[in-house]
Amino acid sequence: MKILLTGTTGQVGWELQRTLMTLGEVISIGRNASHPMQMDLAQPDSIRRIIREIKPDLIVNPAAYTAVDKAESEEELAMAINGIAPGIIAEEALKLGAAIIHYSTDYVFDGESNIPYTESNEPNPQNIYGKTKLAGEQAIQAVGAPHLILRTSWVYGLRGKNFLLTMLKLAREREEIRVVDDQIGAPTWSWMIAQITAQILSQALGNMSDFLADKGGLYHLTASGYTSWYGFAKAIFEHDDSERTLQRLLPIMSEQYPTPAKRPSYSCLNTEKLYNTFGLFMSEWERCLELALNSNK
Ligand SMILES: NC(=O)c1ccc[n+]([C@@H]2O[C@H](COP(=O)([O-])OP(=O)(O)OC[C@H]3O[C@@H](n4cnc5c(N)ncnc54)[C@H](OP(=O)(O)O)[C@@H]3O)[C@@H](O)[C@H]2O)c1
């Protein structure tokens with residue numbers, strides 16, 4: 001199986017690059033469109049050209065415009081990458097008879113719920129990033145190529161830009177850190193997202209299109225359990241024993257930490273559909289965090 005993989009400099013893409021190697025020939029594509037074998041998701045022509053050249057059996061697309069606050073002032077670019085490119089990828093996949101795995105976000109929801117959102121709950125994004133990611137989901141669904149859209153949340157890992165690494169860095173520089181305690185979600189380790197993706201794909205090997213025609217669609221993929229950003233930070237410092245200057249970790253309310261993009265106050269996702277369909281169980285977020293921190297030792 002020939003797998004075209006985007007976003008390999010990102011958190012999830014980097015993990016996927018290693019995990020998917022066991023399932024087929026992985027062709028990793030970066031974003032420098034002037035390079036003959038790279039594609040910029042903001043440029044439809046480069047997407048079409050590369051996919052037609054490589055003729056993959058499967059396209060895995062973790063690449064995205066993920067700067068949630070910056071998206072508020074760069075809507076056009078965020079929409080091109082998150083909203084339009086996935087539809088173009090899907091059109092090309094359909095022509096080739098290829099399948100697509102795409103990733104989306106808990107930020108498609110408005111946060112008004114107090115029970116975990118299921119795949120059939122109505123999205124109502126509150127920020128530009130969420131709107132563009134929802135547009136990407138809808139574009140793939142409209143094309144009708146065999147696909148999986150995996151919505152995840154609060155992604156962290158030991159590489160890239162994420163909350164875990166920010167906390168560890170701040171703890172070496174500051175005595176006090178204040179973190180919002182009124183946004184609830186499920187921190188999800190990039191490694192786990194890649195593992196679950198590979199486990200789903202291994203069930204489909206040899207018969208990808210039929211498998212996805214039957215079981216494809218939208219799924220929620222996050223660690224189980226939930227916490228606030230403050231709870232996440234507290235757990236990081238409980239499980240990490242590196243040297244730090246930090247003396248005080250304080251919970252604050254979102255109003256005390258204004259950001260350009262509004263975040264949902266509750267964005268837990270129900271993962272039962274993933275379990276019921278593929279028999280895959282999501283580990284608890286704090287256990288994953290512990291494993292992630294230990295994987296560095
Ligand atoms: N991060 C989160 O907390 C979170 C939460 C929920 C859902 N998700 C979703 O999960 C998926 C993976 O996220 P992540 O955290 O792994 O993202 P990430 O670490 O921010 O990586 C994004 C990747 O996309 C690439 N990219 C950005 N613009 C591009 C363009 N115009 N053309 C081609 N590639 C481009 C980046 O390449 P460069 O290195 O060249 O910029 C990078 O490899 C995304 O779909 C995201 O929306 C993420």
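When reading the values below, keep in mind they use all heavy atoms of this one structure, side chains included, and skip hydrogens, waters and symmetry mates. Positions are given from 1 along the sequence. When a ligand or atom number is given, it counts from 1 through the structure's own listing order.
In Phe163, neither the side chain nor the backbone holds a heavy atom less than 4.0 Å from any atom of ligand 1. At a heavy-atom distance under 4.0 Å, only backbone atoms of Met39 (N, CA, C or O) approach ligand 1. In Thr152, the parts holding a heavy atom less than 4.0 Å from any atom of ligand 1 are both the side chain and the backbone. With a 4.0 Å heavy-atom cut-off, ligand 1 is reached by the backbone of Ser104 but not by any atom from C-beta on. Of all the heavy atoms of Ile81, the ones lying under 4.0 Å from any atom of ligand 1 belong exclusively to the side chain.
Close N/O approach between Gln11 and ligand 1 is found [any backbone or side-chain N/O within under 3.5 Å]. On a distance-only criterion, Ser153 and ligand 1 share no N/O pair closer than 3.5 Å. Of the polar atoms of Gly13, none of the N or O atoms is found under 3.5 Å from an N or O of ligand 1, judged by distance alone. The shortest N or O to N or O distance between Tyr65 and ligand 1 is not below 3.5 Å.
Counting only non-hydrogen atoms, the option in Ala85, Ala64, Gly30, Gly7 that gets closest to atom 22 (C) of ligand 1 is Ala64. One option in Asn61, Asn162, Thr9, Thr66 has a heavy atom closer to atom 36 (C) of ligand 1 than any other, and that option is Thr9.
A heavy-atom separation below 4.0 Å is found between Trp154 and ligand 1.
Salt bridge Glu25/Lys2: absent, no basic N to carboxylate O contact under 4.0 Å. Note on Arg178 versus Glu176: salt bridge recorded, some NZ/NE/NH1/NH2 to OD/OE distance being below 4.0 Å. A salt bridge between Glu238 and Lys234 is present, with a side-chain N of the basic residue lying under 4.0 Å from a carboxylate O of the acidic one. The existence of a salt bridge linking Arg159 and Glu15 is excluded, since no basic side-chain nitrogen approaches an acidic carboxylate oxygen closer than 4.0 Å. Of the charged side-chain nitrogens involved, none lies within less than 4.0 Å of a carboxylate oxygen, so that Asp106 and Arg263 do not count as a salt-bridged pair. Checked for salt-bridge contact, Glu173 and Arg244 miss the test: no charged N lies under 4.0 Å from a carboxylate O.
Among all protein heavy atoms, the one lying closest to atom 32 (N) of ligand 1 is Leu41 N, 2.9 Å.
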